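Below you'll find the structure, written out as structure tokens, and then a few comments.
So that the names make sense, note that chain A is the first sequence line, chain B the second, and so on, each numbered from 1. Just so it is clear, the structure is predicted and the values come from calculations on it, not from any experiment.
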Amino acid sequence: MLLRHTSKEVKEREGLTINPAKTCQPIGAMYAALGIHGCLPHSHGSQGCCSYHRSTLTRHYKEPVMAATSSFTEGASVFGGQANLLAAIDTIFAVYDPDIIAVHSTCLSETIGDDLQQITKKASDDGKIPDGKYVIYASTPSFVGSHVTGYANMVAGMANQFAESTGEKKSQYNMIAGWMEPSDMREIKRLAKEMGINIVLFPDTSDVLDAPQTGKHVFYPKGGTTVAELKSSGDSLASFALGSISAEPAAIALEKKCKVPFETLDIPIGLSATDRFIMAISKMAKIEVPDEITAERGRLVDVMADMEQYLHGKRVALFGDPDQLLPLTEFLLDLSMKPVHIVSGTPGQRFDKEMRVMLEKRSPETKFKSGLGADMFLLHQWMKNEPVDLLIGNTYGKYMARDEDIPFIRFGFPILDRIGHSYFPNIGYNGSLRLLEKILNVLMDRQDRDALEEKFELVM
Amino acid sequence: MEANKIIPDPAQVREELIEKYPAKVAKKRSKSIIINDPDTIPEVQANVRTVPGIITQRGCSYAGCKGVVLGPTRDIVNIVHGPIGCSFYAWLTRRNQTRPESPEDANYIPYCFSTDMQEENIVFGGEKKLKIAIQEAYDLFHPTSIAIFSTCPVGLIGDDVHAAAREMKEKFGDCNVFGFSCEGYRGVSQSAGHHIANNGVFKHMVGRNNEVKEGQFKLNLLGEYNIGGDAFEIERIFKRVGITLVASFSGNSTVGAIENSHTADLNVILCHRSINYMGDMMETKYGIPWMKINFVGAESTAKSLRKIGEYFGDEGLKARIEAVISEEMPKVKAAVAEILPRTKGKTAMLFVGGSRAHHYQDLFSELGMTTVAAGYEFAHRDDYEGRQVLPGIKVDADSKNIEELKVVADPELYKQRKTEAELAELKEKGLEINGYEGMMKQMTKKSLVVDDLSHYESEKLIEIYKPDIFCAGIKEKYVVQKMGIPLKQLHSYDYGGPYTGFEGAVNFYKDIDRMVNNPVWKLIKAPWEKKSTGLAASYVTQ
Ligand code: SF4
Ligand code: SF4
């Protein structure tokens, strides 16, 4: 057994987190910043954080992940990191020549009390920021929230620090991407095009973290939301925030700063969430849903109907991030499956409430916990007490899946041991169909593996 | 097979590497970019701060302490005191393989423990939460040892992890609890963390169990972390020749073995950078000499075994070592004979760690490949130039704060294993007793040595030298591969290995052959992107 010390008996813990179902803010900020074209993320702290965040993102994407660090030493930790950040800004513009440096803090600089707004202002006052270039920032203390919070803070920072309203509205909508993969962002753009609306999607990591092999390393790949687009987001007709934790703060910032109204939606994972996404666009932009989209939906429902016998009542344990877990759980319920245990290390009152309301209505016996104490160790203990047929979560789930001998689908962040997530979307009707195919494959493979010889089916 | 490449003029390369830097940065970097001369080894600036804003390979002290040195021991509960991230990122990512003797034996390596500090712990202090966490770990698992690792904010808010550890240790009575002040800002790289870890392991673990166990030719293997099963291969060879491995620091190790390690008669050191402090301290306190060896490379393995035989001076052991070498070598030779024609004349660059950039050159030379440039990520001058430079190294502000333990001979346990005269005689025979010659002595004249290579410099080097393979870590992997050059990860081995010993060497040859000769590198350009060799050209010539 890999997790041989995990016992069945659940004891309340107050001090010790074991096998966390979350990580820290800065990595989210770094990921978000990679979704701006020509941007170099910068980690204001000691080297280790930056190295860890780059490594984890690299393992997840199998792509270059460039970011710089303020390389704090003991002196900086005592006297403050201003000198390090100012020096870093000089070096970065001279050597790596980005259009934008996106600075995020770490628990070290937050504990010291470095004020990123003040330091970046000083950099600008001292003439360290070349004409036409930008330094933006987000405060991302790791002792608050999780990686999702860090992502949200950086995206809100983009809105706050770039959006402008010229007084003249543009015929476009903002799509504020909650934490999702480059493939999902690409799919959002395709769906918007099908629907016939112009969008500013931010951040946008497609064509950044799924760059082609060309024999050249392009330091700033062609993808990413441009500064011009970000600026124009203040003139958009409305914003759609995809995810209440990871995207809504940016929508609120835009409303405050540029009076752009917004609607918050779930990330369109699964049938119902995608329905709401399409309906919201259709309503807001006053357009009919094109036949092609209806056909995409129809194909998904068709498979759901045809294969329901393999799905009904199957018990699922899942862990991950709030903005994904809500629509994913809803999808499982639409598939007539049974989410039995749900865990997220990310805290959120609204998330808790929305999840509980949904579960009360559709699956009251489901166990659900988020925030402190909601870790994979607890999830594993729950699974030992009430076994499941399927586990869905990030790569770390493979240890539980192997020990308990249950099928496992990799979903969420990080996925360190498989490819696909950056190339094939899990959102929209098509993406949901792919997710459904994955679920069916692992369940049916298991049925095949375990079937008695006389019950081994050719046609399924 | 490609013809030998023309090596560019290193002096000019150096100019190109620093050209784009602001003047102050250029000046600093130029001292770390050195043209090698193995006969009169020049000075390399190493173990100094990385310039802020430079994209560096380096990590932090915590990574060196928890990740590298303590991580591989399977039966310690390692609690990271800090916000969640640091513990999360170090969770299983280093591939320290371990093989508990039975399904009942403790193994906490697949687990991640953290105090997950919240804002109120930062504001009001986190010691209380830490003690609760230690108690909970004890209640849940009843481990023999619990170690605490401090991350960046801990030192700043003044949490005393050592006091907490002492208190809990006393309270439990049957569980050793100890702490490490390895906050990420200490020192300039992982290296500070190695030193801190050595100190802690020496203070809190070594010497707790004086039982002298059975076995002949007892040694400890230091600076070997069982990435990809390296330790398993070394253990296999030791077993064949009849060497007793008392403890490993720390691949595939247990608390019990480390606590008993002072009963060995020799320490052999693989990664000098990460563990040389331990060698020195154990010699002073217990009288065990240390010797630099290298099990990376088949020839080096044979050589190292012979040195061990020489140290123990036992004819039986020496004969067994010769017998094993002659049994193991034919497989290695056969692999080389098959692969060498495809690798000979190719070039490699190695920029990684604190010892691997040196040792892996042996494997490349067995493949007929030349190392044109190399450097470490977090080594010191002695790892480049040899230990004789140690007395001349100035201790700067960043290293000054890392504790140097005052070690004296143990009144009861000190036992001089070899007299000064015996040691001198062994040194005469070429054994690196308490010594290390460093990387540069082995590298060719005019090869380039670069410490703490930056991302920018790596791209430049690749552009200029166009090496056939580049060795570094995960952060560099896909950047370099985007340039059409295969990158071999020498931290994680790209999830392969083992690469030590005889079987490991063969694994490495095969992997390198596969990588440098992979058809994919010739498929990068689409047919319509190829100049003159494309359709149009062949049409014209027809
Ligand atoms: S928790 Fe804090 S110190 Fe650790 S990696 Fe995250 S930001 Fe860095
Ligand atoms: S091999 Fe590299 S990472 Fe491992 S201990 Fe040695 S220097 Fe450190």
Side-chain angles (χ1 to χ4, degrees), chain A residues 1-5 11 13-20 22-24 26-27 45-49 51-52 54-56 58-59 62-64 66 68-77 84 87-92 94-96 106-108 111-112 142-144 213-217 372 399, chain B residues 20-22 25 49-56 58-60 62-63 79 82-85 88-89 103 107-108 110-119 121-122 129-130 132-133 136-137 141 152-153 156-157 184-186 188 397-398 401 455-456 459 474-475 477-479 482-484 524-525:
Chain A
M1 287 284 191
L2 286 160
L3 299 166
R4 57 180 66 185
H5 301 283
K11 272 195 211 146
R13 279 172 280 128
E14 278 168 19
L16 188 66
T17 292
I18 312 175
N19 302 349
K22 66 165 179 185
T23 183
C24 68
I27 196 170
S46 32
Q47 275 152 207
C49 311
S51 174
Y52 277 135
R54 288 181 63 207
S55 298
T56 304
T58 306
R59 292 181 182 118
K62 321 279 182 231
E63 283 292 311
M66 289 299 158
T69 158
S70 292
S71 289
F72 275 39
T73 52
E74 198 139 0
S77 310
N84 286 52
I89 290 172
D90 276 342
T91 313
I92 291 170
V95 182
Y96 301 107
T106 59
C107 37
L108 179 57
T111 307
I112 300 169
S142 324
F143 39 78
V144 177
Q213 170 62 277
T214 59
K216 265 202 208 95
H217 172 230
L372 277 185
Y399 290 79
Chain B
K20 207 170 166 186
Y21 287 135
V25 181
R49 289 179 196 179
T50 304
V51 176
I54 286 282
I55 299 181
T56 169
R58 285 176 168 178
C60 64
Y62 157 80
I79 302 179
I84 197 68
F88 180 85
Y89 304 115
N107 178 15
Y108 300 103
Y111 289 86
C112 169
F113 303 99
S114 168
T115 55
D116 191 2
M117 283 173 106
Q118 300 296 299
E119 194 153 21
N121 309 124
I122 299 287
K129 189 170 194 192
L130 172 62
I132 296 173
E136 287 171 350
F141 308 114
C152 285
L156 287 179
I157 61 172
Y185 55 76
R186 296 199 192 274
V188 299
D398 297 312
N401 297 327
H455 165 77
Y456 173 74
E459 288 216 13
I474 183 71
K475 299 192 291 292
K477 168 101 184 167
Y478 304 102
V479 184
K482 279 274 192 286
M483 300 172 83
I524 291 173
K525 285 272 167 277

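A/T111 meets the side chain to side chain donor-acceptor pair (under 3.5 Å) test with no other residue; sequence neighbours excluded.
The side-chain heavy atoms of A/T73 and B/Y185, taken from C-beta on, include no pair separated by under 4.5 Å. A/C107 has its side chain within reach of B/P83: a pair of non-hydrogen atoms, C-beta onward, lies under 4.5 Å apart. By the 4.5 Å heavy-atom criterion applied to side chains, A/S51 and B/Y89 are not counted as neighbours. Looking at heavy atoms from C-beta onward, A/M66 lies in side-chain contact with B/V479 at the 4.5 angstrom threshold. For the pair A/V95/B/P22, a side-chain contact is recorded, criterion being any heavy-atom separation below 4.5 Å from C-beta on.
Minimum heavy-atom separation, B/I524 to A/G215: CG2-N, 3.5 Å. Closest of all the heavy-atom pairs between A/N19 and B/Y111 is OD1-CA, 3.4 Å. Across every non-hydrogen atom of B/V188 and A/Q47, the tightest pair is O-NE2, 3.2 Å. Taking both residues in full, the closest heavy atoms of B/I84 and A/P20 are given as CD1-CB, 3.6 Å, listed atom of the first, atom of the second, then distance. What you find for A/H5 and B/N107 is that their closest heavy atoms are NE2-N, 3.0 Å. Nearest approach of A/S71 to B/P52, heavy atoms of both residues: CB-CA, 4.4 Å.
Of the residues considered (B/A137, B/C152, B/G484), B/C152 shows the highest number of contacts with chain A, using heavy-atom pairs under 4.5 Å. Ranking A/L2, A/L16, A/L3 against chain B, the residue ahead of the rest is A/L16, based on heavy-atom pairs under 4.5 Å. Between chain A and the options B/M117, B/K129, B/K475, the largest number of non-hydrogen pairs under 4.5 Å is found for B/K475. Counting heavy-atom pairs under 4.5 Å between each of A/H217, A/M1, A/K216 and chain B puts A/H217 at the top. The candidate with the highest count of non-hydrogen atom pairs below 4.5 Å against chain A, out of B/T115, B/I122, B/L130, is B/I122. Among the candidates A/A87, A/S55, A/G45, the residue making the largest number of heavy-atom pairs closer than 4.5 Å to chain B is A/S55. Per-residue counts of heavy-atom pairs under 4.5 Å with chain A were compared for B/E459, B/R186, B/H455; the largest is that of B/H455. The greatest number of non-hydrogen atom pairs below 4.5 Å with chain A, out of B/A133, B/P110, B/G85, is found for B/A133. For the options B/N121, B/V51, B/I132, B/T50, heavy-atom pairs under 4.5 Å to chain A are most numerous at B/T50.
Residue B/R58 touches chain A through both its backbone and its side chain, counting heavy-atom pairs closer than 4.5 Å. The parts of A/K62 that come within reach of chain B are both its backbone and its side chain, each placing non-hydrogen atoms under 4.5 angstrom from that chain. The part of B/I79 that comes within reach of chain A is its side chain, from C-beta onward, which places non-hydrogen atoms under 4.5 angstrom from that chain. Using a 4.5 Å cut-off between heavy atoms, A/T56 contacts chain B through its side chain alone, with no backbone atom that close. Heavy atoms of A/T58 lying under 4.5 Å from chain B belong to its backbone as well as its side chain. Both the backbone and the side chain of A/Y52 come within less than 4.5 Å of a heavy atom of chain B.
Between A/Y96 and B/Y456, the two ring planes are perpendicular [angle over 60°; tilted spans 30° to 60°].
B/E136 places no side-chain N or O within donor-acceptor distance of the main-chain N or O of A/R13, the cut-off being under 3.5 Å. No donor-acceptor pair closer than 3.5 Å links the side chain of A/R59 to the backbone N or O of B/I474. At least one donor-acceptor pair closer than 3.5 Å links the side chain of B/K525 to the backbone N or O of A/T214.
Annotation: the span from B/I54 atom CD1 to A/T69 atom OG1 amounts to 11.5 Å, rounded to 0.5 Å. Separating the OG atom in A/S142 from the CD atom in B/Q118 is a distance of 10.5 Å, to the nearest 0.5 Å. Interatomic distance, B/I55 CD1 to A/R54 CZ, rounded to the nearest 0.5 Å: 6.0 Å.
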**OP:** Please lay out, stage by stage, how A/I27 and B/F88 fare under the test side-chain contact (heavy atoms from CB on, under 4.5 Å).
**Re:** CA-CA 11 Å; A/I27 196 170; B/F88 180 85; over 6 Å; no
Subject >> Evaluation steps, side-chain contact (heavy atoms from CB on, under 4.5 Å), between A/S77 and B/L156 >> reply: CA-CA 8 Å; A/S77 310; B/L156 287 179; 4.2 Å; yes
